Number of protein chains: 2
Amino acid sequence: MTQSRSKYDSGCPVAYALDIFGDRWSLLVIRDMAVKGARTYGELLAGWEGISTNILAQRLKQLEAAGIVTKAKDPDNGRSYVYALTEKGRDLAPVLIEIALWSGRHNPAAHAMTGFLDKIEADRQGAEARMRAGELP
Amino acid sequence: MTQSRSKYDSGCPVAYALDIFGDRWSLLVIRDMAVKGARTYGELLAGWEGISTNILAQRLKQLEAAGIVTKAKDPDNGRSYVYALTEKGRDLAPVLIEIALWSGRHNPAAHAMTGFLDKIEADRQGAEARMRAGELP
DNA sequence: GTTTTTACTTGCAAAATGCAAGTCCTCGTG
DNA sequence: CACGAGGACTTGCATTTTGCAAGTAAAAAC
């Protein structure tokens with residue numbers, strides 16, 4: 001509830017996308033699932049940036065409503081749920097990759113990641129395929 | 001003032017980028033400059049989605065501080081300023097393109113733009129080059 | 001010299017965010 | 001099977017950000 005659908009929708013595809021992940025955290029959650037393999041609420045909560053628990057819960061609901069992630073009971077652990085990216089969510093791989101490459105090109109303090117980013121740049125198709133397949137690059 | 005630099009910086013390139021344009025409006029401003037050719041405050045204010053004037057002013061300041069846009073006096077009109085994308089800003093073209101293509105693939109109501117997006121998909125290099133050059137696609 | 005244009009500020013209500021502290025199951029153990 | 005611990009969230013505010021409306025300042029036009 002608290003529907004936020006198409007609040008700013010103008011017909012522009014960029015605006016459609018921002019309606020879904022145009023905020024501080026949504027893309028980071030998607031990144032944690034796509035490149036870090038995070039699957040549970042706890043794993044997402046322990047991400048690199050420290051999202052707070054209420055925001056994470058809200059974002060997961062929104063992303064689920066937008067068809068980016070699914071939520072299912074963990075068959076092996078009754079108190080746990082497994083979040084997963086849908087095809088629509090995995091298909092954000094190229095967006096994440098372009099954002100990361102842009103940062104690598106323009107963030108003067110991106111030394112730590114350069115090896116990683118160089119590898120992605122050298123084989124973008126492969127990196128994208130691996131991300132889509134859920135194999136951490 | 002009200003420094004927001006690296007508030008959430010974790011070293012991740014995605015987080016670096018979101019620090020700069022991870023909000024509701026920044027990318028739309030960049031889009032208006034990159035694909036609509038908006039150059040003045042007034043043109044940006046009259047964008048497709050209706051940003052409010054105080055937010056626009058603040059975003060322009062942040063984007064300028066982040067090296068994405070420049071602001072200069074209009075030599076032909078003393079009361080006007082000309083905003084322009086820097087190389088760093090123009091280099092966001094691939095990000096905008098991937099976002100738009102993703103929306104085209106997954107927004108069921110994206111009929112109006114399909115012709116446009118198909119053209120981009122058919123010649124991504126060209127579309128990117130044209131956006132970079134400031135030629136509206 | 002008065003009115004318009006252009007580019008912003010300012011004020012304030014409403015919404016979103018962030019932190020800390022619960023709550024509600026479920027599982028593992030004695 | 002009681003009991004503590006784990007996992008996934010809510011709930012309650014204080015703080016921050018957003019958004020609308022209105023106001024200001026300086027250059028152009030008339």
Side-chain angles (χ1 to χ4, degrees), chain A residues 1-10 15 18-29 32-33 38-66 69-84, chain B residues 1-10 15 18-29 32-33 38-66 69-84:
Chain A
M1 303 58 185
T2 71
Q3 39 63 34
S4 67
R5 202 53 25 67
S6 62
K7 195 161 139 198
Y8 301 86
D9 200 346
S10 59
L18 291 180
D19 244 15
I20 293 177
F21 56 79
D23 72 281
R24 180 70 242 190
W25 291 108
S26 299
L27 259 191
L28 294 178
V29 169
D32 278 355
M33 302 183 74
R39 264 145 235 284
T40 67
Y41 191 87
E43 286 170 4
L44 289 167
L45 204 55
W48 290 324
E49 287 87 5
I51 188 173
S52 51
T53 173
N54 53 345
I55 303 295
L56 175 57
Q58 193 195 318
R59 289 304 179 275
L60 284 171
K61 271 180 196 163
Q62 291 174 192
L63 291 174
E64 201 186 347
V69 308
T70 54
K71 177 185 179 178
K73 289 199 156 170
D74 184 341
D76 300 334
N77 185 346
R79 63 194 149 177
S80 196
Y81 289 87
V82 175
Y83 288 96
Chain B
M1 306 57 185
T2 70
Q3 41 60 33
S4 64
R5 202 53 23 70
S6 63
K7 196 161 141 198
Y8 301 86
D9 201 346
S10 59
L18 291 179
D19 245 14
I20 295 176
F21 57 78
D23 71 281
R24 179 69 242 191
W25 292 108
S26 299
L27 259 191
L28 294 177
V29 170
D32 278 356
M33 303 183 75
R39 266 143 234 284
T40 67
Y41 191 87
E43 287 170 3
L44 289 166
L45 203 55
W48 291 323
E49 287 87 7
I51 187 172
S52 50
T53 175
N54 53 345
I55 302 295
L56 175 58
Q58 192 196 318
R59 289 302 179 275
L60 283 171
K61 270 180 199 161
Q62 291 174 193
L63 290 174
E64 201 185 346
V69 308
T70 54
K71 176 185 180 180
K73 288 198 157 172
D74 183 342
D76 300 335
N77 186 343
R79 66 194 149 174
S80 197
Y81 292 87
V82 174
Y83 289 96

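Not measured: the values here are computed from a predicted model. Protein chains get the first letters and strands the later ones, always in sequence-line order, with residue 1 at the start of each.
Among the atoms of the strands shown, none is found under 4.0 Å from any heavy atom of Asp23(B). Across all strands shown, Lys73(A) has no heavy atoms under 4.0 Å from either base or sugar-phosphate atoms.
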Contacts under 3.5 Å, N or O only, protein and nucleotides 1-3 of chain C:
none

Output a table of nitrogen or oxygen pairs between the protein and nucleotides 5-8 of chain D separated by less than 3.5 Å.
residue: dG6(D); atom: O4'; partner: Arg79(A); partner atom: NH1; Å: 3.3
residue: dA8(D); atom: OP1; partner: Ser80(A); partner atom: OG; Å: 2.9
residue: dA8(D); atom: OP2; partner: Gly42(A); partner atom: N; Å: 2.8

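In terms of the side chain to side chain donor-acceptor pair (under 3.5 Å) criterion, residue partners of Ser52(A) (sequence neighbours excluded) are, by chain and number, Asn54(A). A search for side chain to side chain donor-acceptor pair (under 3.5 Å) contacts involving Thr40(A) returns nothing, not counting sequence neighbours. In terms of the side chain to side chain donor-acceptor pair (under 3.5 Å) criterion, Tyr81(A) has no residue partners (sequence neighbours excluded). Remark: Ser26(B) pairs with Asp23(B) by the side chain to side chain donor-acceptor pair (under 3.5 Å) rule, at least two apart or across chains. Applying the side chain to side chain contact (heavy atoms under 4.5 Å, CB included) test to Ala38(B) and every residue at least two apart in sequence or in another chain returns Asp32(B), Glu43(B), Leu44(B).
In this structure, Arg59(A) reaches the dT17(C) phosphate: one of its side-chain N or O atoms is under 4.0 Å from OP1 or OP2. One finds no side-chain N or O of Trp25(B) lying less than 4.0 angstrom from the OP1 or OP2 phosphate oxygen of dT18(D).
In the set dG18(C), dG11(C), dC9(D), dG18(C) carries the atom at the smallest distance from any side-chain atom of Asn54(A). Taking the side chain of Ile55(B) as heavy atoms from C-beta on, and the options dG19(D), dC9(D), dT9(C), the nearest nucleotide is dG19(D).
Counting only residues at least two apart or in different chains, salt bridge (charged side-chain N to carboxylate O under 4.0 Å, His left out) contacts with residues 70-84 of chain B are absent.
Here the C1' atom of nucleotide dT17(C) and the CD atom of Gln58(A) are 9 Å apart, to the nearest Å.
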